[in-house]
Amino acid sequence: MKNLVIFASGSGSNAENIIRYFAQKPEFCIKKIYCNVPDAYVLERAKKYGVPAQVFNREEFRNPEKILHHLQEEATDFIILAGFLWLMPPCITAAYPYRIINIHPALLPAYGGKGMYGHHVHEAVIAAREQESGITIHYVNEHYDEGAIIFQAKCPVLPADTPDDLAARIHELEYRYFPEIIEKTILNTEEEV
């Protein structure tokens, strides 16, 4: 059994998609949702599926005796970031090398880094008149969006696209690929050990 936890900051549509996907996989368990926003809708989604949730603040996040301690107590094998906006602290990245997986709504290394999330990314892609965008699934290290790339999928950026149009296309890619790539990555990691 592989124990997964999800960190999220917002509405949690990717988190819900991951929960539903792994509900059909008895060899995986979504142990908990961690959230840094007390009124984020992801907490309602967690409740709907009976997944425990924990809200935390910045001080608890950075203190190895708090969140890291909980992760270790829960025998966490992998951490999934699904719309989580804070930089993971060194105590967590050091404890889980190549075991923290994030999704980014652009083709990294372009349009990554601090402040590049959600609509900020789509606005920048459109402003630069890019002809394609997509998603990047990558490992997390101590820097924003700089961990090794696991998988990318592309979609066109059409001349008349608004950020909302592009976001809808990106969400389709996220929902289609993220859970499957998480599963493959974990299984491949276990084969290498």
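Heavy-atom basis, side chains included; hydrogens, waters and symmetry copies ignored. Numbers for residues simply follow the sequence, beginning at 1.
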Quiz item: Given side chains that start at C-beta, do those of F22 and I182 come closer than 4.5 Å, heavy atoms only?
Solution: yes
Exercise. Using the rule that two of Ile, Leu, Val, Met, Phe, Trp, Tyr join whenever any of their side-chain heavy atoms come within less than 4.5 Å, decide whether F178 and V140 are in one cluster.
Key: no
Quiz item: Under a 4.5 Å cut-off applied to non-hydrogen side-chain atoms, are Y144 and Y117 in contact?
Solution: no
Exercise. Indicate whether any N or O donor in one side chain lies under 3.5 Å from an N or O acceptor in the other, for T162 and D165.
Key: yes
Quiz prompt | Flag side-chain contact, heavy atom, 4.5 Å: T189 against R99 | solution = yes
Quiz prompt | Rounded distance [0.5 Å steps], NE2 in H171 versus OH in Y175 | solution = 5.0 Å
Quiz item: What distance separates R45 CZ from K48 NZ, expressed to the nearest 0.5 Å?
Solution: 7.0 Å
Quiz item: Is atom CD of Q131 surrounded by more than 12 heavy atoms (other residues, nucleotides or ligands) closer than 6.0 Å?
Solution: no
Practice problem: Test F151 against every option in I137, I101, I103 by the side chain to side chain contact (heavy atoms under 4.5 Å, CB included) rule and name the one that passes. | Solution: I137
Quiz item: Between F28 and I186, is a side chain to side chain contact (heavy atoms under 4.5 Å, CB included) present by the stated rule, with each step listed?
Solution: CA-CA 10 Å; F28 294 90; I186 292 171; 3.8 Å; yes
Self-check item: Heavy-atom side-chain proximity of I19 to I6 below 4.5 angstrom
Solution: yes
Quiz item: Does the distance from a Lys or Arg side-chain N to an Asp or Glu carboxylate O, for K47 and E44, drop under 4.0 Å?
Solution: yes
Quiz prompt | Heavy-atom side-chain proximity of L187 to K2 below 4.5 angstrom | solution = no
Quiz item: Out of curiosity, C91 SG to E65 CD, how far, rounded to the nearest 0.5 Å?
Solution: 9.5 Å
Quiz prompt | I18 with L81, same ILVMFWY side-chain cluster at under 4.5 Å | solution = no
Exercise. Look at K154 together with E132 and state whether they make a salt bridge at an N to O cut-off of under 4.0 Å.
Key: yes
Exercise. Decide whether V37 and F7 are clustered together by the hydrophobic rule: side chain heavy atoms of Ile, Leu, Val, Met, Phe, Trp, Tyr closer than 4.5 Å, transitively.
Key: no
Quiz item: Which residue, V55, I80, V51, forms the side chain to side chain contact (heavy atoms under 4.5 Å, CB included) with I33?
Solution: V51
Quiz prompt | Exercise: identify the closest heavy-atom pair between L166 and P156 | solution = CD1-O, 4.2 Å
Quiz item: Does E16 pair with R20 as a salt bridge, N-O distance under 4.0 Å?
Solution: yes
Self-check item: Side-chain donor or acceptor of E60 paired with backbone N/O of I67 under 3.5 Å
Solution: no
Quiz item: If you group Ile, Leu, Val, Met, Phe, Trp and Tyr by side-chain heavy-atom gaps below 4.5 Å, do Y139 and L4 land in one group?
Solution: yes
Exercise. Kindly give the heavy-atom pair with the smallest separation between A82 and A15, and that separation in Å.
Key: CB-N, 4.1 Å
Practice problem: Give, for atom SG of C155 and atom CD1 of I135, the distance between the pair rounded to the nearest 0.5 Å. | Solution: 9.0 Å
Quiz item: What closest approach, in Å, do M116 and G112 show between heavy atoms, and which atom pair accounts for it?
Solution: CG-O, 3.5 Å
Quiz item: Are M88 and L85 connected in the hydrophobic side-chain network, where two residues link if heavy atoms are under 4.5 Å apart?
Solution: no
Quiz prompt | Side-chain donor/acceptor of T136 to backbone N/O of A106, under 3.5 Å | solution = yes
Quiz item: Rounded to the nearest 0.5 Å, how far does CD1 of I126 lie from NE2 of H119?
Solution: 9.0 Å
Quiz item: Between V121 and H104, does a side chain to side chain contact (heavy atoms under 4.5 Å, CB included) hold up when you go through it step by step?
Solution: CA-CA 9 Å; V121 174; H104 185 76; 4.1 Å; yes
Quiz item: With side chains defined as the heavy atoms from C-beta onward, is the minimum distance between E27 and E183 less than 4.5 Å?
Solution: yes
Quiz item: Can you find a pair of side-chain heavy atoms, one from Y34 and one from H70, that are under 4.5 Å apart?
Solution: yes
Self-check item: Atom of N3, atom of A75 and distance for their closest heavy-atom approach
Solution: ND2-O, 3.1 Å
Quiz item: Which heavy-atom pair separates Y96 from D77 by the least distance, and what is that distance?
Solution: CD2-O, 4.2 Å
Quiz prompt | Side-chain donor/acceptor of D145 to backbone N/O of G113, under 3.5 Å | solution = yes
Quiz item: With a 3.5 Å cut-off and no angle check, do the side chains of S9 and N36 form a donor-acceptor pair?
Solution: yes
Quiz item: How long is the span from the CG atom in N17 to the CZ atom in R176, to the nearest 0.5 Å?
Solution: 13.0 Å
Practice problem: Answer yes or no: does atom CD of E59 have more than 12 heavy-atom neighbours from other residues, nucleotides or ligands under 6.0 Å? | Solution: no
Practice problem: Carefully, step by step, assess Y111 and H120 under the rule side chain to side chain contact (heavy atoms under 4.5 Å, CB included). | Solution: CA-CA 9 Å; Y111 305 102; H120 300 287; over 6 Å; no
Self-check item: Atom of P179, atom of E174 and distance for their closest heavy-atom approach
Solution: CD-O, 3.9 Å
